[in-house]
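Here's the structure, in structure tokens; my notes come after.
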Amino acid sequence: MARMTGAHAIVKCLEAEGVEYVFGMSGHANLTFLDALLDSKIRFVSVPHEQLAVHMADAYFRVTHRPAVVLTSVGPGFTNTVTGVADAMHDCSAVLVISGNVPVAHRGTEAYQEIAFHNDAAQSEILRPVVKRAFRLDHAHLLGEIMSRAFNTALGGVPGPVLVDVPMDLFSRIEDYSLPASQARRARSRRSGADAADLRQAADILAASKRPVIYAGGGTLLSAASAELAALAERLGSPVIVSLIAQSAMRNDHPLYGGVTGAVGTPTAHYLASHADTVLILGSRFSDMDASSWHPDMFFRAPPARVVQVDVDPAQVGRRVPVDVGIVADARTVLRQLLDALPAQTAGRDARSGWLGEFEQVRKRWREEIEPSQRSDEMPIALERLITEIRRALPPGGIIVAPNGPRYFVAQHFAADVPGSHLVASGHGTMGWAVPAALGAKLGRPQSPVVCLTGDGGFRSTTPTLAIAVEAGIPAVWVILNNGGFNIIELYQNRFFKRGVGGAFRTAKGERYNPDFVALARAYGADGLRVERPEQIGPALERAIESNMPFVIDAVVTPQPRIRASGYWEANRYLKHGWNESEDTEYARGFGDSA
């Protein structure tokens, strides 16, 4: 028991959990908490909008696997977090949101921007659909227990965001608080494994396979299972394909790496997925974009393919693909168990040489197709060349952060090398996510250069991130794809409607428009360069990284990039006029351009 304010007690809990950063915005309902932070080594990073704070905390967790805290006040500050929290929930990032709320005595009065239209002090209900658990701290004596439960919930099983809603008077109240002594209440080292019978059956299926594929999802990264993934692939002689968020789960230059699946995946990955006789699935929800809307020509054909699925979330096993063996367990633990169970020379090894030969031929054809574009000297700059130059400029372990649109080009043309070196807005796909996410990634791995490749639309959505970077001294680099519009939307409108509005940025006179991004960066106190020729990209990136300050590169790129969408997306059918009268599935191919 220790006598202190509720705010100091919460800070003590954060210290016990090893929290390094609190991202947020000051408000009258959290001022006591901010004052308590001054007595701690935990660093507070102030933001101009709470959504940016959540995106920062999301990316911080992805590169560290440690939670950061988001602090918000009552009312609009709280509601500003919703989009960021939905992103964190979709992509399984453990973020702890601490919100101030109205004093207990004022509940129901609609004072202090209280949300009380259906229930008193009900703001926590807004986040319930997008958090693992919403706690409301109503009694001081429960503070220590609720803080422990909040961290346990955020980090246990499938990680995700958690809310702790605190009335502002409890922040200030002095009580004898019972606090957890340490993190010992959570068994961090416990990683569930497969049942012996399930493990034996899975090992037998994999050993007998002639055309195996391992499909690694985001759970592989969350489990820190990259080394075991590569080892099992080598043991089996099995290619590895990945979901978009899991691109860095295996070195992309590994001989067995087969690429990314999905609507804008790679032909190599689609061939492997649709021709495999056995699939080992690790930690994936199989979103429609990752799974080509589950079309058998670009994804698994199960049956006849046999499927072993491993996921820590029982709700995912067998949900989209029928399984022969379903294992509810930690991916890294199961991979280690399989390595122990499988002999060095498995039964189907000789037959797999032909399978690996097919894989190598398909991959060779794909590389021959894309390599000329990666050397392109065309102007405006080709995205393939730009992404290739970013890869050259980043040292091993350097991080690229990609947003909703450009993430597909990154998947095809950027070779990730270290787990967590490739971050994408995957499940929720928020416009502008990557811009503040770059700051969280840089704080999580301060020794690694961080380059955010963002569309001009995304950058315009969250431009105030530059203020955070300058104030907090966070030296991230933003490369803006300046093509004067929401490029994917414009491509879609041109393809399906032959006209459009809202896709391109235009003045009242109809001229393409963008602000001067370099001048804007300098107005914030950052630095910047504009590049218009491909040979300028490398020197600009070198200067930006070496500057060790927030830096914007305004890159004039083609408004009509070649997407190479070899996958399938069912949504395309519904954009075609008269889709409900047509069986023409060709319209579902591609992703806004001709397939």
Side-chain angles (χ1 to χ4, degrees), residues 10-11 14 17 19-31 33-34 36-37 40 42-64 66-91 93-101 123-124 126-127 130-131 134 150 154 159-166 401 403 423 425 428 430-444 450 452 454 458-459 461-474 476 478 524 550:
I10 292 173
V11 171
L14 301 185
E17 293 286 350
V19 171
E20 294 181 303
Y21 292 99
V22 172
F23 307 121
M25 193 171 184
S26 57
H28 59 268
N30 62 32
L31 291 179
F33 179 85
L34 284 171
L37 269 182
S40 169
I42 297 173
R43 182 182 176 188
F44 178 68
V45 179
S46 180
V47 303
H49 191 285
E50 291 81 358
Q51 179 182 333
L52 308 182
V54 188
H55 293 328
M56 291 169 65
D58 176 355
Y60 175 88
F61 175 78
R62 296 195 201 197
V63 300
T64 66
R66 301 192 305 273
V69 171
V70 171
L71 178 67
T72 182
S73 189
V74 66
F78 180 89
T79 56
N80 281 344
T81 67
V82 176
T83 297
V85 172
D87 259 302
M89 187 68 174
H90 267 112
D91 290 343
S93 289
V95 174
L96 179 64
V97 179
I98 297 178
S99 62
N101 208 332
Q123 66 182 21
S124 62
I126 295 172
L127 278 188
V130 290
V131 294
V162 168
L163 168 68
V164 176
D165 193 47
V166 185
V401 185
L423 306 182
H428 202 55
T430 297
M431 178 73 68
W433 171 88
V435 181
L439 300 185
K442 183 63 178 177
L443 290 174
V450 175
C452 170
T454 175
F459 190 79
S461 297
T462 48
T463 299
T465 297
L466 291 177
I468 308 171
V470 173
E471 289 176 4
I474 307 173
W478 295 270
Y524 272 106

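Residues passing the side-chain contact (heavy atoms from CB on, under 4.5 Å) test with Ser46, sequence neighbours excluded: Phe44. Taking the side chain to side chain donor-acceptor pair (under 3.5 Å) definition, one finds that Ser26 meets it with nothing, sequence neighbours left out. With sequence neighbours excluded, the residues forming a side-chain contact (heavy atoms from CB on, under 4.5 Å) with Arg66 are Glu20, Tyr60, Thr64, listed by chain and number. Residues forming a side chain to side chain donor-acceptor pair (under 3.5 Å) with Ser73 (at least two apart in sequence, or on another chain): none. Ala476 is linked by a side-chain contact (heavy atoms from CB on, under 4.5 Å) to Ala438, Leu439, Trp478, counting only residues two or more places apart in sequence or in another chain. By the side-chain contact (heavy atoms from CB on, under 4.5 Å) test, Val130 pairs with Val85, Ala86, Leu127, sequence neighbours left out. The ring pair (Phe, Tyr, Trp, His ring centres under 6.0 Å) check on His90 picks up His428, with sequence neighbours excluded. Applying the side chain to side chain donor-acceptor pair (under 3.5 Å) rule to Asp165 yields the partners Ser99, Asn101, Gln123; only residues at least two apart in sequence or on another chain are considered.
The shortest distance between side-chain heavy atoms of Trp433 and Thr462 does not fall below 4.5 Å. Proximity of Val82 to Ile126: side-chain heavy atoms (C-beta onward) are separated by under 4.5 Å at one or more points. Leu96 places a side-chain heavy atom less than 4.5 Å from the side chain of Leu14. Using a 4.5 Å cut-off on side-chain heavy atoms (C-beta onward), Asn30 and Ile98 make no contact. Contact annotation: the side chain of Thr430 approaches that of Gln51 to within less than 4.5 Å [non-hydrogen atoms, C-beta and beyond].
When all heavy atoms of Val435 and Gly458 are compared, the closest pair comes out as CG2-O, 4.0 Å. Taking all atoms of both residues into account, the shortest heavy-atom contact from Pro436 to His55 is CG-CB, 3.6 Å. A pairwise comparison of heavy atoms in Met431 and Ser461 identifies CG-OG, 3.1 Å as the closest pair. In terms of heavy atoms, Ala441 sits closest to Ala59 at N-CB, 3.9 Å. Shown here for Val162 and Val131, the closest heavy-atom pair between the two residues is CA-CB, 4.4 Å. For the residue pair Thr72 and Phe78, the shortest heavy atom distance occurs at OG1-N, 3.1 Å.
In terms of modelled atom types and a separation under 3.5 Å, the side chain of Ser93 and the main chain of Ala88 share no donor-acceptor contact.
We find the NE2-OG1 distance between His49 and Thr463 to be 13.0 Å, quoted to the nearest 0.5 Å.
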Does the pair Ile468 and Val45 meet the rule for a side chain to side chain contact (heavy atoms under 4.5 Å, CB included), with working shown? CA-CA 8 Å; Ile468 308 171; Val45 179; 3.8 Å; yes
Give the C-alpha distance, both sets of side-chain angles, the deciding distance and a yes or no for side chain to side chain contact (heavy atoms under 4.5 Å, CB included) between Leu34 and Val22. CA-CA 10 Å; Leu34 284 171; Val22 172; 6.0 Å; no
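Checking each of Thr79, Thr83, Asn80 against Glu50 for a side-chain hydrogen bond (donor to acceptor under 3.5 Å, both in side chains) leaves exactly one that passes, namely Asn80.
Residue pairs meeting the salt bridge (Lys or Arg N to Asp or Glu O under 4.0 Å) criterion with at least one member in residues 51-64, sequence neighbours excluded, are Asp58-Arg62, Arg62-Asp91.
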